[in-house]
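Encoded as structure tokens, the structure appears first; notes follow it.
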Amino acid sequence: MTRPIRVRFAPSPTGKLHIGGARTALFNWAFARRFGGKFLLRIEDTDPERSTKEYERAILEGLRWLGLDWDEGPDIGGPHAPYHQMQRLSLHKEYAADLLARGHAYRCFCTRERLEEMTKAQDAKKEKNAYDGRCRDLPLAEVERRAAAGEPYVLRFRVPAGQTRFKDHVRGDVVFDNKEVEDWVMVRSDGNPTYNFVVVCDDIDMEISHVFRGEEHLVNTPKQVLLYQAFGKPIPEFGHLPLMLGTDRKKLSKRTGDTALQDYADRGFPKAAIVNFLCLQGWALDGTTEVFGVEELVKHFDIKDVGKGGSIFDIEKFLWLGGEYIRRESLEELAQHCLPHVLARGAVTEADLRARWPWFLGIVTAERERIRTYGEFAERTAYLFAPDESVAYADDALAAAKKHLGRIETLRAYLDWLRPRLADGVDAAAVRDATKAWVAERGLKMPALFQPLRVALTGLAGGPDLFDAMGWIGAPSTLRRIEIALERLA
RNA sequence: GGCCCCAUCGUCUAGCCCGGCCUAGGACACCAGGUUUUCAUCCUGGCGACAGGGGUUCAAAUCCCCUUGGGGUCACCA
């Protein structure tokens, strides 16, 4: 009964890696690593219409990027190769022939048109939609004759009477009445097997011991268990993970936010924060520790501890975690991570940035406590690379500046005062002290100068020390931006 | 609608399996205060939940039943 632990993640390359899929992969991986099992990857490319090599590559890249490594898979092979389902077709056909020969499957000649009518009739009578079994007990002679005549047919699984139960590590034992399971199609009329059939063939062949997947597969499970029984093969243990929900409480979809792992990588979430956050959706280390890494996950993860209820994807907490990880990075590390996001905005070249790396590090130092993603860094520092004439003024910043009635006079007086002091460049410490004294002398409140000034220089309502910012943009731009603000803030 | 699954603060969750230590713990968010030229970081405090109703028991968030609510799924897609 105790088999070697072998789990798998089997994505279909019909889209980008879904964030929920990433969590499924993570939990499978963690389970294998915790209990010394094998983690394998299998590509379910049985839908040639929608599968692409690009998606497949992107999915593998995404998993690798997260730090998940597999012991067997399409790119590295393994004892049960190939790991692309399309390349395993002959095996599936053998399995199907076996089931047909032993009476666990039968040929069904019902046309799509007839099936449609059947469904319509069932709807009209408010009956449940299920195959009515017309071809289930056709005389063998008739079956042979029609098949020989070239009449198209599908292979349906002959669901026996009784009940089907299976072990689910997150839900407990689950029981289905076989009456609820229809005689489903195993092999299409074009000879290609369907998902529910192929999955079981491959899981048997690859000696998968545990199947952990999303809850949407729960209702498929009885069909699959019945198949294992028909084959006389050991049934794996299951674990149906709760769904990740959008803010509408429904299965996470593009309607309520980004769904692809790539989207979050593009926004500049630290990958460790992504992994950490994924862990927190349905699992907890000890209920108290929120920030932890994969070492802790692998040390403590068990499928039994995964919660049953779906969890709403809370982007705010995700962002908070991002900030936590960013503040744990070394300065150099963080700068390297921010770099591509700054470059992506297209206002500066890598060579330029590399040439003034210490300058860049200074800015990273000042912004790090404010950002939660690398993308936010790029956003917040856009003013540094903008032409003086077109610094974007944020709405809240503009409102804050305009609260000060004397802003124009103050700014004009300050500009006149400042100009000679910047003749030899910006000495941030000196200007800072002198400016405070200037404000005090004139009996002004600090914000009366600082808020309009901040908008003039950065266009933002908040940010790092203003005099540091002067140093970053330099004396000419400082003066020029104040001049421009005199008009834009009027 | 049939079937299946689920149900602790607004959100993520600990506690539930093996009833008592729970006047239910932590985190995000929010509110208030401190620090600060602003924003943020950081620190302090606050708000806030066992869906409802029945049982079982000396004792129930924890076990059982019902109701309600939410979700998933009903293809020759995966």
Side-chain angles (χ1 to χ4, degrees), chain A residues 10-15 44-47 49-51 85 108 110-112 115 119 123 126-130 152-156 168 170-172 174-177 179-182 184-196 198-199 214-222 240 242-243 245 247 249-251 277 280-291 304 307-321 323 327 366-372 380 396-397 400 432 435-436 439 445-451 453-455 458 460-467:
Chain A
S12 74
T14 54
E44 313 224 319
D45 54 355
T46 50
D47 183 348
E49 300 286 304
R50 297 191 299 147
S51 299
Q85 278 188 324
C108 168
C110 294
T111 62
R112 285 173 196 267
L115 259 20
T119 304
D123 286 345
K126 293 206 159 192
E127 285 173 2
K128 68 176 177 191
N129 291 159
Y153 60 86
V154 300
L155 246 40
R156 285 185 185 274
D168 189 306
V170 355
R171 323 252 145 211
V174 183
V175 189
F176 280 85
D177 198 310
K179 285 197 205 73
E180 301 302 331
V181 186
E182 67 169 337
W184 51 282
V185 175
M186 275 171 32
V187 179
R188 304 184 181 95
S189 49
D190 65 2
N192 288 125
T194 61
Y195 164 79
N196 279 117
V198 170
V199 156
E215 194 190 336
E216 69 265 31
H217 288 287
L218 192 58
V219 293
N220 282 326
T221 310
H240 288 94
L243 260 18
L245 277 20
T247 43
R249 302 195 146 272
K250 293 200 170 42
K251 200 159 71 163
F277 182 69
L280 260 14
Q281 297 277 293
W283 188 76
L285 181 57
D286 54 18
T288 301
T289 311
E290 307 281 337
V291 184
K304 290 199 295 282
K308 304 184 217 283
S311 49
I312 294 168
F313 186 99
D314 182 4
I315 192 70
E316 280 304 322
K317 186 156 185 174
F318 195 7
L319 284 165
W320 166 78
L321 255 184
R327 267 162 246 125
E367 285 291 354
R368 75 182 313 167
E369 68 205 34
R370 224 165 324 262
I371 56 172
R372 300 112 101 206
R380 297 194 50 82
D396 58 338
R432 177 159 46 235
T435 299
K436 283 182 183 173
V439 170
K445 298 249 189 238
M446 290 294 185
L449 171 67
F450 282 95
Q451 286 186 328
L453 185 56
R454 181 174 292 284
V455 176
T458 71
L460 301 174
D465 180 275
L466 258 184
F467 304 94

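Naming convention: chains lettered A, B, ... in sequence-line order (proteins, then strands); numbering from 1 in each chain. Below, each value reflects all heavy atoms present in this structure, side chains not excepted, and no hydrogens, waters or symmetry copies.
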Discussion item. What's A:T247 touching, base or sugar-phosphate or nothing? Going by heavy atoms closer than 4.0 Å.
Written reply: nothing
Practice prompt. Under a 3.5 Å limit for both distances, which nucleotide forms a Watson-Crick or G-U wobble pair with B:G48, could you say?
Written response: none
Practice prompt. With the side chain counted from C-beta on, respond yes when A:V174 and A:T221 share a heavy-atom pair under 4.5 Å apart, and no when they do not.
Written response: no
Item to complete: Would you check if A:K128 and A:E182 make a side-chain contact, meaning some heavy-atom pair closer than 4.5 Å?
Response: no
Worksheet item: Contact class for A:G282 (heavy atom, under 4.0 Å): base, sugar-phosphate, or nothing?
Response: sugar-phosphate
Practice prompt. For A:Q281, answer base if it contacts any base atom (sugar-phosphate contacts may also be present), sugar-phosphate if it contacts only those atoms, and nothing otherwise; contact means non-hydrogen atoms under 4.0 Å.
Written response: sugar-phosphate
Report each atom pair, protein N/O against N/O of nucleotides 2-5 of chain B, whose distance is under 3.5 angstrom.
residue: B:C5; atom: O2'; partner: A:R171; partner atom: NH1; Å: 2.5
residue: B:C5; atom: O2'; partner: A:E215; partner atom: OE2; Å: 3.3

Discussion item. Would you say A:T194 places a side-chain N or O within less than 4.0 Å of OP1 or OP2 belonging to B:C76?
Written reply: no
Fill in: A:Q451 CD to B:U36 C1', straight-line distance once rounded to whole Å
13 Å
Discussion item. My understanding is that a pair needs two contacts under 3.5 Å, Watson-Crick or G-U wobble. By that rule, which nucleotide pairs with B:C3?
Written reply: B:G72
Discussion item. So A:K179, base contact, sugar-phosphate only, or nothing? Heavy-atom distance under 4.0 Å.
Written reply: nothing
Practice prompt. Between B:A61 and B:U23, how far apart are the P atoms? Round to whole Å, please.
Written response: 9 Å
Restricting to nitrogen or oxygen on both sides, can you table the protein-nucleotides 39-43 of chain B pairs closer than 3.5 Å?
residue: B:C39; atom: O2; partner: A:R370; partner atom: NH1; Å: 2.2
residue: B:C39; atom: O2; partner: A:G463; partner atom: N; Å: 3.4
residue: B:C39; atom: N3; partner: A:R370; partner atom: NH1; Å: 2.6
residue: B:A40; atom: O2'; partner: A:E369; partner atom: O; Å: 2.4
residue: B:A40; atom: N1; partner: A:E369; partner atom: OE2; Å: 3.1
residue: B:A40; atom: N3; partner: A:E369; partner atom: OE2; Å: 2.6
residue: B:U41; atom: O4'; partner: A:E369; partner atom: O; Å: 3.4

Worksheet entry | Closest listed nucleotide, where the reference is the side chain of A:N196 and the choices are B:A27, B:A78, B:G72 | B:A78
Worksheet, complete the sentence: Rounded to whole Å, CG of A:D47 lies from C1' of B:C76 at a distance of 12 Å
Practice prompt. Find the distance A:N220:CG to B:A78:P and express it as a whole number of Å.
Written response: 11 Å
Discussion item. Can you tell me if A:R327 has over 12 outside heavy atoms packed within less than 6.0 Å of its CZ?
Written reply: yes
Worksheet item: Is there a side-chain contact between A:H240 and A:V170, using heavy atoms and a 4.5 Å cut-off?
Response: no
Discussion item. Roughly how many Å apart are B:U68 and B:A29, using the C1' atom of each and rounding to a whole number?
Written reply: 28 Å
Worksheet item: Does A:K317 place a side-chain N or O at less than 4.0 Å from the phosphate oxygens OP1/OP2 of B:A27?
Response: no
Discussion item. Regarding A:R249, tell me which of base, sugar-phosphate or nothing describes its non-hydrogen contacts under 4.0 Å with the strands shown.
Written reply: sugar-phosphate
Discussion item. Measuring only the C1' atom in each nucleotide, how far is B:U62 from B:G25? A whole number of Å is fine.
Written reply: 16 Å
Practice prompt. Determine the contact category for A:R112: base if any of its heavy atoms lies under 4.0 Å from a base atom, sugar-phosphate if only primed atoms, P, OP1 or OP2 are that close, otherwise nothing.
Written response: base
Worksheet item: A:V185 near the nucleic acid: base, sugar-phosphate alone, or nothing, with a heavy-atom cut-off under 4.0 Å?
Response: sugar-phosphate
Fill in: Euclidean distance, atom NZ of residue A:K251 to atom C1' of B:G70 [Å, nearest integer]
16 Å
Worksheet, complete the sentence: Whole-Å distance, A:L243 CG to B:C12 P, equals 13 Å
Discussion item. Please report the distance separating the C1' of B:G72 from the corresponding atom of B:U57, rounded so that it comes out in whole Å.
Written reply: 36 Å
Item to complete: Determine the contact category for A:C108: base if any of its heavy atoms lies under 4.0 Å from a base atom, sugar-phosphate if only primed atoms, P, OP1 or OP2 are that close, otherwise nothing.
Response: nothing
Fill in: Nearest-angstrom distance, C1' atom, B:C50 to B:U44
29 Å
Discussion item. Side chains of A:H217 and A:Y195, heavy atoms from C-beta outward: is any pair under 4.5 Å?
Written reply: yes
Worksheet item: OG1/A:T194 to CG/A:D47 distance, rounded to the nearest 0.5 angstrom?
Response: 12.0 Å
Worksheet item: Taking side chain as C-beta onward, heavy atoms only, is A:D168 less than 4.5 Å from A:L218?
Response: yes
Worksheet item: Quick one: are A:M446 and A:K436 in side-chain contact, heavy atoms under 4.5 Å?
Response: yes
Practice prompt. Would you indicate what A:K304 reaches in the nucleic acid, counting non-hydrogen atoms under 4.0 angstrom: base, sugar-phosphate, or nothing?
Written response: nothing
Worksheet item: How far, in whole Å, is B:G70 from B:G46 if one measures between their C1' atoms?
Response: 31 Å
Practice prompt. Searching all strands shown, indicate the nucleotide that pairs with B:U62 (Watson-Crick or G-U wobble; both distances under 3.5 Å).
Written response: none
Worksheet item: Rounded to the nearest 0.5 Å, how far apart are CG of A:L285 and CD of A:E290?
Response: 9.5 Å
Worksheet item: Mind checking who B:C42 pairs with, Watson-Crick or G-U wobble, both distances under 3.5 Å?
Response: B:G34
Worksheet item: Is the shortest heavy-atom distance from the side chain of A:E44 to the side chain of A:V198 under 4.5 Å?
Response: no
Worksheet item: Nearest nucleotide by nearest heavy atom, which residue falls closer to the 5' end of RNA chain B, A:P447 or A:S311?
Response: A:S311
Practice prompt. Give the rounded distance in Å between these two atoms: CZ of A:F318 and C1' of B:A27.
Written response: 16 Å
Item to complete: Evaluate whether atom NZ of A:K179 has more than 12 neighbouring non-hydrogen atoms of other residues, nucleotides or ligands under 6.0 angstrom away.
Response: no
Discussion item. Below 30° counts as parallel, above 60° as perpendicular, anything between as tilted: where do the rings of A:F277 and A:F318 land?
Written reply: parallel
Worksheet entry | Donor/acceptor link under 3.5 angstrom from A:S189 side chain onto base of B:C76 | yes
Item to complete: Would you kindly give the CH2-to-P distance between A:W184 and B:C76, to the nearest whole Å?
Response: 12 Å
Worksheet item: Between B:C76, B:U13, B:U11, which nucleotide gets closest to the side-chain atoms of A:L115?
Response: B:C76
Worksheet item: Between B:G33 and B:G20, how far is it from one C1' atom to the other, in whole Å?
Response: 40 Å
Discussion item. If I pick the C1' atom on B:C18 and the same atom on B:G10, what distance separates them, to the nearest angstrom?
Written reply: 33 Å
Worksheet item: Whole-Å distance between B:C76 P and A:N129 CG?
Response: 11 Å
Worksheet item: Touch check for A:H217, heavy atoms < 4.0 angstrom, all strands: base, sugar-phosphate only, or nothing?
Response: base
Discussion item. Considering every strand and a 4.0 Å limit on heavy-atom distances, what is the contact class for A:E290: base, sugar-phosphate, or nothing?
Written reply: base
Response to the item:
Considering only heavy side-chain atoms of A:Y195, the closest of B:C76, B:A78, B:U11 is B:A78
Fill in: salt bridge (Lys or Arg N to Asp or Glu O under 4.0 Å) against A:E367, all qualifying residues, sequence neighbours excluded
A:R370, A:R380
